[in-house]
Protein chains: 2
Amino acid sequence: MARTKTTYDVFSAIGEPKRRVLIEQLVLKEMTVNELVEKVQWPQPVVSKHLGVLKQVKIVREKKNGRHRVYRIQPEELRPIQEWMHQFEKYWGGTLDQLDHYLNNIQARGKNEHE
Amino acid sequence: MARTKTTYDVFSAIGEPKRRVLIEQLVLKEMTVNELVEKVQWPQPVVSKHLGVLKQVKIVREKKNGRHRVYRIQPEELRPIQEWMHQFEKYWGGTLDQLDHYLNNIQARGKNEHE
DNA sequence: GATATATATTCCCATATAGGAATATATAAA
DNA sequence: TTTATATATTCCTATATGGGAATATATATC
């Protein structure tokens, strides 16, 4: 078998460093492809292709505007990563805020349901 | 050029789903290779190879114990991910309304997970 | 020393990239 | 309608897998 597809899920998609750079830009503000190209200085097809992957896993959404396409981030889609990270927080010391506690409990309950 | 190496950094390493499963086990308690094989039911070389990648990016550490090797997680190494996630937190802040919304999403996502 | 156990490593191959180059498509402007 | 602009897509190739099968290595036990 071959490697896991980059579009398999959000984790796979952000494994590529360039895609994280695009995300870091889009989290600041929505941008067109050429605005992104300006910012990161990569060939336009490279940007478009990486955006394509991000679009497939729904990290970004495309909004047509004339001959421009505005790309916008969909932060909710990155929640699975944040949730997955919760399992390590107990090791990092410090206090967890109430929201985190609550979410941890929810998560634990959810996991047991499938056992 | 080819794909980014899985050992390029922590993000790339956790892109592979099986490696996340191993991490999820090791965060509960340190284990030997065979204990992991027992748990996940994959061929031993598969487990060893994935552990090799995790070891290279330092997510896990190996402790020799006779002919056993105990693998232990190094949670600090995952902090870059947590830090990277900070940039999205402003979108899913801590109000109850948003928490409700979030919990609804979890439920909805759970149902679609296996499609 | 011989053997069993635990784990890593090597060899193999099908597969999916990431990026360069060129081109296609869509839409606006002239 | 012709042209310019914005973006996506196709074709290509080198590369790095992930996993199966077989084997090597290390250590414990007899």
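Computation of the quantities below employed the complete heavy-atom set of this structure, encompassing side-chain atoms and omitting hydrogens, waters and symmetry-equivalent molecules.
Applying the ring-ring contact (aromatic ring centres under 6.0 Å, His included) test to pairs two or more places apart or on separate chains, none has a residue in residues 16-46 of chain B.
Remark on DNA chain C: of its neighbouring residues A:R3 and A:H50, the 5'-side contact belongs to A:R3, judged by nearest-heavy-atom nucleotide. Remark on DNA chain D: of its neighbouring residues A:S48 and B:P43, the 5'-side contact belongs to A:S48, judged by nearest-heavy-atom nucleotide. A residue-by-residue look at A:M1 and A:K55 shows that A:K55 has its nearest nucleotide of DNA chain D further toward the 5' end.
Following chains of ILVMFWY side-chain contacts shorter than 4.5 Å, one can reach B:F11 starting from B:V27, so the two form part of one hydrophobic cluster. B:V21 and B:V60 fall within the same hydrophobic cluster, where Ile, Leu, Val, Met, Phe, Trp and Tyr residues are linked whenever their side-chain heavy atoms come under 4.5 Å apart, directly or through other members. In the hydrophobic clustering of this structure, B:L28 groups with B:L51; members are Ile, Leu, Val, Met, Phe, Trp, Tyr whose side-chain heavy atoms approach within less than 4.5 Å, directly or through other members.
Distance, A:E62 CD to C:dA26 P: 13 Å, rounded to whole Å. If you take CG of A:L36 and C1' of D:dT7, they are 12 Å apart, rounded to a whole angstrom. In this entry the distance linking CG of B:L54 with C1' of D:dT17 reads 15 Å, nearest Å. D:dG18 atom P lies 13 Å from atom CG of B:L51, rounded to whole Å. Summarising the geometry, the separation between CH2 on B:W42 and P on D:dG19 is reported as 8 Å, rounded to the nearest angstrom. Whole-Å rounding puts the B:Q41 CD to D:dG20 P distance at 13 Å.
Contact annotation: A:N34 reaches the phosphate of D:dT7 (side-chain N/O to OP1 or OP2, under 4.0 Å).
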All N/O contacts under 3.5 Å from nucleotides 21-29 of chain D to the protein, with atom names and distances to one decimal?
none

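With sequence neighbours excluded, no residue forms a side-chain hydrogen bond (donor to acceptor under 3.5 Å, both in side chains) with A:R3. Partners of B:K55 by side-chain hydrogen bond (donor to acceptor under 3.5 Å, both in side chains), not counting sequence neighbours, listed by chain and number: B:E62. With sequence neighbours excluded, no residue forms a side-chain hydrogen bond (donor to acceptor under 3.5 Å, both in side chains) with B:K39.
Note on A:K58 versus A:D9: no salt bridge recorded, every NZ/NE/NH1/NH2 to OD/OE distance being 4.0 Å or above.
For the segment residues 7-30 of chain A, no residue has any heavy atom less than 4.0 angstrom from an atom of DNA chain D.
For B:T32, the side-chain atoms get nearest to C:dT7 when compared with the rest of C:dT7, D:dT7, C:dT15. Relative to the side chain of A:T6, the nucleotides D:dT17, C:dA18, D:dT7 differ in distance, and C:dA18 lies closest.
Annotation for A:E24: atom CD counts as buried by contact number, over 12 foreign heavy atoms lying within 6.0 Å.
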